[in-house]
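Letters A, B, ... are given to chains in the order of the sequence lines, protein chains preceding strands, and every chain is numbered from 1.
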Amino acid sequence: MSKYQAPRGMRDVLPPESERWQWLVSRCREMAHRYGYREIRTPLVEHTEVFLKGVGEGTDIVEHEMYTFADRAGRSLSLRPEGTAGVVRAYVEHGMHTWPQPVKLYYVAEMFRYDRPQAGRYRQHTQFGAEVLGAAEPAADVDVLSLAVRTLQALGLREVRVHLNSVGDPKCRPGYLQVFREYFQAHYDRLDDDSRRRLVTNPLRILDSKVEQTREIARGAPRMLDYLCPECRAHFDAVRRHLEVLGIAVEVDPLVVRGLDYYTRTAAEVHYPKLGAQSTLFGGGRYDGLAEVLGGPPTPGVGFGMGLERVLMVLEEEGLVPELATGIQVYVCHDGPPWEDEALRLVDFLRGAGLRAEGDLLGRSLRAQLRAASRSGARWAVLVGVPEVPRGQVVLRDLQVGEQRLVPAEQLPRVLQEEEGGCGRTGAGS
RNA sequence: GUGGCCGUAGCUCAAGGGCAGAGCACCAGACUGUGGCUCUGGGGGUUGCGGGUUCAAGUCCCGUCGGCCACCCCA
């Protein structure tokens with residue numbers, strides 16, 4: 001055990017896992033581009049105020065889980081615990097309401113929450129997220145949610161099922177909350193302590209309780225869906241119907257409740273049960289009130305955030321991560337010091353020709369170089385300095401087949417191009 | 001934040017009060033100019049860290065740090 005470890009809940013990503021990340025992220029970007037989303041990169045830190053207002057002061061995230069610190073001038077800054085607040089802050093700050101609407105943005109970014117770590121829950125994690133700003137139509141909800149679902153499907157996951165709910169809007173939610181509170185107040189003496197606490201802090205979360213007696217009470221609780229105003233009702237029905245038109249499995253789930261205050265109407269989640277308690281692959285919804293809270297013009301918005309650590313965990317478990325070809329193709333070996341310069345030149349030449357090539361850096365014997373070549377995963381070894389080989393030629397050895405032949409050095413790139421052309425190769429070296 | 005399980009070599013794990021080990025991995029050599037297979041040798045550890053009990057502590061006790069599981073919360 002080394003003296004220093006990565007901070008709790010944070011981890012190093014080493015090869016070949018780092019290569020799987022490159023693959024995953026590039027797939028996410030590709031899907032976002034197909035849907036017409038463009039990348040936004042916001043600062044890793046924001047003024048704490050942005051999250052207090054944007055995420056909500058009563059939420060666990062803001063109250064217990066933020067990395068908040070004072071900079072040298074005494075300003076209170078926080079590492080972002082989620083992506084939406086920063087994106088909307090940027091939308092307002094840069095006057096994006098003057099851009100052609102809607103504005104569709106995506107990000108792949110690190111988030112920080114001071115939470116108790118567990119597999120699939122990290123203090124530093126990566127989210128792929130997307131937001132549609134300036135569109136109140138159900139079509140916008142369907143656009144982002146389908147991006148999330150289709151991305152998971154494109155990665156190979158079957159059985160992606162969207163749990164869909166509506167949390168209403170400022171017109172209908174207060175009335176519902178009133179009825180909701182009254183219902184649970186009436187059963188107060190039978191509630192567990194957690195739920196009593198939540199009745200004050202985050203009442204809708206009671207619906208999520210794992211305590212059986214509370215669940216029983218919750219089953220009889222009034223449901224937001226029965227209290228939606230006509231506009232919210234129509235919106236919910238349209239989102240649901242359009243997702244079904246796309247063939248996306250939808251399950252109406254009154255228990256999907258977002259922990260963040262700015263959500264209105266649509267609330268959606270996708271779970272992957274095999275992940276255990278940390279099973280949410282993505283969560284998202286509509287936040288029509290957020291831009292105003294952050295000092296901007298009233299701007300409807302809808303988006304999602306997807307936890308990529310969890311997605312990658314699932315993909316690996318399901319064997320859906322392909323072999324990656326980022327390893328080297330050619331390893332140049334030489335037979336001792338007199339040939340070092342020539343080997344060096346040759347490696348440089350091959351790299352210049354676009355091949356992934358490397359040579360010995362340890363002054364090793366020819367035998368050890370071949371061993372290194374073999375273990376590097378390279379398909380080809382080139383031998384420089386073998387006696388009886390005419391000047392200008394080198395030995396090209398196929399490490400898979402075990403055969404070798406003479407090739408003029410300057411023709412190596414062309415020969416290798418031809419050889420590699422036909423057969424795909426694996427080369428991550430693992 | 002609450003409760004539980006677990007920390008021994010780079011990795012996977014033995015040793016359960018009495019000399020800290022194996023397999024894999026890594027390095028070198030042999031099988032004669034050239035890898036994979038096989039064989040030989042080598043480097044690697046304050047047993048996560050700190051304290052305590054004991055003649056003696058990976059081993060028992062306490063604390064702490066870290067991982068995992070459930071809760072909480074969420075992606």
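The partner of B:rC73, taking Watson-Crick or G-U wobble pairs whose two distances both stay under 3.5 Å, does not exist in any strand shown. In this entry B:rG7 has B:rC65 as its Watson-Crick or G-U wobble partner, both defining distances falling under 3.5 Å. Taking a pair to require two hydrogen-bonding distances under 3.5 Å in either a Watson-Crick or a G-U wobble arrangement, B:rC60 pairs with B:rG52. Look at B:rU32: it lacks any Watson-Crick or wobble partner with both distances under 3.5 angstrom. Across all strands shown, B:rA15 has no partner, as no Watson-Crick or G-U wobble contact with both distances under 3.5 Å is found.
We find that the ring of A:H64 and the base of B:rG1 do not stack by the test of centres under 5.5 angstrom and planes tilted less than 30°.
The side chain of A:Q118 sits closest to B:rC72 out of B:rC65, B:rC31, B:rC72. Residue A:R375 places its side chain closer to B:rC26 than to any other of B:rC73, B:rA75, B:rC26. The side chain of A:E65 has B:rC73 as its nearest neighbour among B:rU34, B:rC73, B:rA28. Closest to the side chain of A:R310, from the set B:rC74, B:rC27, B:rU34, is B:rC74. Candidate nucleotides B:rC71, B:rG3, B:rC69 were compared by shortest atom distance to the side chain of A:R121, and B:rC71 ranks first. Closest approach to the A:A277 side chain among B:rA70, B:rA28, B:rG35 is made by B:rA70 (side chain taken as heavy atoms from C-beta onward). Among B:rU34, B:rA28, B:rG67, the nucleotide with an atom closest to any side-chain atom of A:Q404 is B:rU34. You'll find that the side chain of A:R8 is closest to B:rG66, out of B:rG66, B:rC68, B:rG35.
Residue A:Q278 is the one, among A:Q278 and A:E309, whose nearest nucleotide of RNA chain B lies closer to the 5' end (criterion: closest heavy atom). Comparing A:T126 and A:L399 by the nucleotide of RNA chain B whose heavy atom lies nearest to each, the residue mapping closer to the 5' end is A:L399.
Computed from coordinates, the A:D335 CG to B:rU34 P distance equals 7 Å when rounded to whole Å. In this structure, A:L275 atom CG and B:rC74 atom P are separated by 17 Å, rounded to whole Å. Atom CG of A:L14 is separated from atom P of B:rG10 by 15 Å (rounded to the nearest Å). Distance A:Q5 CD to B:rG10 P: 13 Å, rounded to the nearest Å. Rounded to whole Å, atom P of B:rG33 lies 12 Å from atom CG of A:L370. One atom, CG of A:L255, and another, C1' of B:rC73, lie 16 Å apart when rounded to the nearest Å. Distance CG (A:L366) to P (B:rA30): 13 Å, rounded to an integer number of Å. Spacing between atom CZ of A:R116 and atom P of B:rG4 amounts to 10 Å, rounded to whole angstrom units.
Side-chain atoms of A:R11 stay outside donor-acceptor range of the base of B:rG67, with no qualifying N/O pair under 3.5 Å. Evaluation of atom-type donor-acceptor distances gives a pair under 3.5 Å for the side chain of A:R397 against the base of B:rU34. Checked by distance alone, A:Q369 brings no side-chain donor or acceptor within 3.5 Å of a matching partner on the base of B:rU34.
Residues A:H125 and A:F112 place their aromatic rings such that the two centres sit no closer than 6.0 Å.
With a glycosidic angle no more than 90° from 0, B:rG58 adopts the syn conformation. In this structure, B:rG67 is classed as anti because its glycosidic torsion departs from zero by more than 90°.
Side-chain N/O atoms of A:R371 include none lying less than 4.0 angstrom from OP1 or OP2 on B:rU34.
To the nearest whole angstrom, the two P atoms, one in B:rA14 and one in B:rC71, are 28 Å apart. Comparing the P positions of B:rC60 and B:rG16 gives an interatomic distance of 11 Å, to the nearest angstrom.
Salt-bridge annotation for A:E419 and A:R414: absent, with no side-chain N of the basic residue lying under 4.0 Å from a carboxylate O of the acidic one. Salt-bridge annotation for A:R379 and A:D398: present, with a side-chain N of the basic residue lying under 4.0 Å from a carboxylate O of the acidic one. Taking the charged nitrogens against the carboxylate oxygens, A:E46 and A:R89 do have a contact shorter than 4.0 Å, which makes a salt bridge. A salt bridge links A:E39 with A:R29; the closest basic N to acidic carboxylate O contact falls under 4.0 Å.
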- Query: A:Y176 and A:Y227: ring-ring contact (aromatic ring centres under 6.0 Å, His included), yes or no, with the steps?
  - Reply: CA-CA 6 Å; A:Y176 167 69; A:Y227 289 80; 5.5 Å; yes
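As judged by a 4.0 angstrom heavy-atom cut-off over every strand, A:L281 is placed among residues touching the sugar-phosphate backbone only.
By the 4.5 Å heavy-atom criterion applied to side chains, A:V415 and A:R405 are counted as neighbours.
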